[in-house]
Amino acid sequence: VEKAENAPYKKKYAADALPMFFVLDPKTEKAALRWVGGATVPQLQKILADGAAAVKGTRGKVETALARADRFYGEGAYDRAAAAYREAIAQAPPTSPRYGRSVESLLYSLYETRDYAGCAKTAADAFPRLAKTPSAANVAASGLSCALELPKEDASRAGLVASLVKDSRAVLAAPRRDIAPDDISSVYETLASEREDAKDEAGRKKILQDRARFLEAA
């Protein structure tokens, strides 16, 4: 992405984070699905399956709504993607296997459109349902990042930060093999940012040391 000759590709596919996965529609060359962040093998298998369904134009109600959201997301149209993901999530049954991925993509869309309050609240509300899934780390870290972006004078900020710090620490306290180390690393990093925001340098250093040990072991 740092090479000048790749600039058109980067712009076309809104490659604004690394790592990033795309499923491209071979007929239109548009991104039918995009995934931001790391992925375990089972997660990647689901991403590819959902991408294939999006390209084929699967016509179930939930699948159609999600494919629409994925296309907006793939184009980097985050405001439209956020609205479409909310619609898809509202239509999906409580046990939908796509719920976690949809929430993660919604949170990224909200962050990119600077709807930090909506992002933090969405993460806090969704975490209990996703606490024991591969999405737990990204939801907690993304939500906490958004909460930290809220103005200090925002009345909801302290409560959201405290809630999402608790969720983030819960992820680290109960390691799961189905969560990518890259995602766990992001949780440590975000918790370190929270300690920096609280002006707790000793606490920040401790978290970064724990993160280093985790990464070296991984």
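Note that these values count all heavy atoms, side chains included, but never hydrogens, waters or copies made by symmetry.
- Between Leu66 and Ser102 the shortest side-chain heavy-atom distance falls below 4.5 Å.
- Although no hydrogens or angles enter the test, the distance criterion places no donor-acceptor pair under 3.5 Å between the side chain of Arg176 and the main chain of Pro134.
- Rounded to the nearest 0.5 angstrom, Asn138 CG and Ile179 CD1 are separated by 8.5 Å.
- Between Leu172 and Leu191, the closest side-chain pair of non-hydrogen atoms falls below 4.5 Å.
- Residues Leu148 and Leu150 do not share a hydrophobic cluster, clusters being chains of Ile/Leu/Val/Met/Phe/Trp/Tyr side chains in contact below 4.5 Å.
- The CG atom of Asp125 sits 9.5 Å away from the NZ atom of Lys121 when rounded to the nearest 0.5 Å.
- Asn6 places none of its side-chain heavy atoms less than 4.5 Å from the side chain of Val1.
- Considering all non-hydrogen atoms of both residues, Gln91 and Ala65 come closest at OE1-CB, 3.6 Å.
- In this structure, Leu107 CG and Ser145 OG are separated by 10.0 Å, a value rounded to the nearest 0.5 Å.
- Salt-bridge annotation for Lys12 and Glu29: present, with a side-chain N of the basic residue lying under 4.0 Å from a carboxylate O of the acidic one.
- Test Val171, Thr133, Leu130 against Val139 for side chain to side chain contact (heavy atoms under 4.5 Å, CB included) and you get one pass: Leu130.
- Between Leu160 and Ala147, the shortest heavy-atom contact is CB-CB, 4.2 Å.
- Note on Tyr73 and Leu106: same hydrophobic cluster, where clusters join Ile, Leu, Val, Met, Phe, Trp and Tyr whose side-chain heavy atoms are under 4.5 Å apart, directly or indirectly.
- Screening Val41, Ile47, Leu48 against Gln45 for a side chain to side chain contact (heavy atoms under 4.5 Å, CB included) leaves a single residue, Val41.
- Side-chain atoms of Ser135 and Arg101 form no donor-acceptor pair, as typed in the model, at a separation below 3.5 Å.
- Checked by atom type and distance alone, the side chain of Ser185 never pairs as donor or acceptor with a backbone atom of Pro181 at under 3.5 Å.
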Worksheet item: salt bridge (Lys or Arg N to Asp or Glu O under 4.0 Å) between Glu75 and Arg80: does it pass, once the steps are laid out?
Response: CA-CA 10 Å; Glu75 295 168 2; Arg80 301 175 74 183; 5.5 Å; no

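- By the rule that hydrophobic residues join a cluster once side-chain heavy atoms approach within less than 4.5 Å of another member, Phe72 and Trp35 end up as members of separate clusters.
- Considering every non-hydrogen atom in both Asp115 and Gly118, the closest pair reads OD1-N, 2.9 Å.
- Every salt bridge (Lys or Arg N to Asp or Glu O under 4.0 Å) that Arg213 has, sequence neighbours left out, goes to Asp210.
- Considering all non-hydrogen atoms of both residues, Ala32 and Ala54 come closest at O-CB, 3.8 Å.
- At least one donor-acceptor pair closer than 3.5 Å links the side chain of Thr113 to the backbone N or O of Leu110.
- Between Tyr108 and Tyr78, the ring planes lie perpendicular to each other; the angle is over 60°, past the 30° to 60° tilted range.
- For Ser168 against Ala141, the heavy-atom pair with the smallest separation is OG-N, 4.2 Å.
- By the 4.5 Å heavy-atom criterion applied to side chains, Asp182 and Pro19 are counted as neighbours.
- Among all heavy-atom pairs drawn from Arg68 and Ala84, the shortest one is NH1-CB, 3.8 Å.
- Proximity of Glu194 to Thr190: side-chain heavy atoms (C-beta onward) are nowhere separated by under 4.5 Å.
- Placement of Leu144 and Val36 within a single hydrophobic cluster is found when ILVMFWY residues are connected by side-chain heavy-atom separations under 4.5 Å, directly or transitively.
- The CG atom of Leu24 sits 4.5 Å away from atom OH of Tyr13, with the distance rounded to the nearest 0.5 Å.
- Note that CZ of Arg169 is 10.0 Å distant from OH of Tyr188, once rounded to the nearest 0.5 Å.
- Connection of Val55 to Phe22 is not established within any shared hydrophobic cluster, with ILVMFWY side chains joined at heavy-atom distances below 4.5 Å, either directly or through further cluster members.
- Between Lys206 and Asp200 the shortest side-chain heavy-atom distance does not fall below 4.5 Å.
- Ser163 places no side-chain N or O within donor-acceptor distance of the main-chain N or O of Gly159, the cut-off being under 3.5 Å.
- Looking at heavy atoms from C-beta onward, Asp25 lies in side-chain contact with Arg71 at the 4.5 angstrom threshold.
- Residue Ser109 holds its OG atom at 10.0 Å from CZ of Arg86, rounded to the nearest 0.5 Å.
- Using a 4.0 Å cut-off between charged side-chain N and carboxylate O, Lys152 and Asp197 make a salt bridge.
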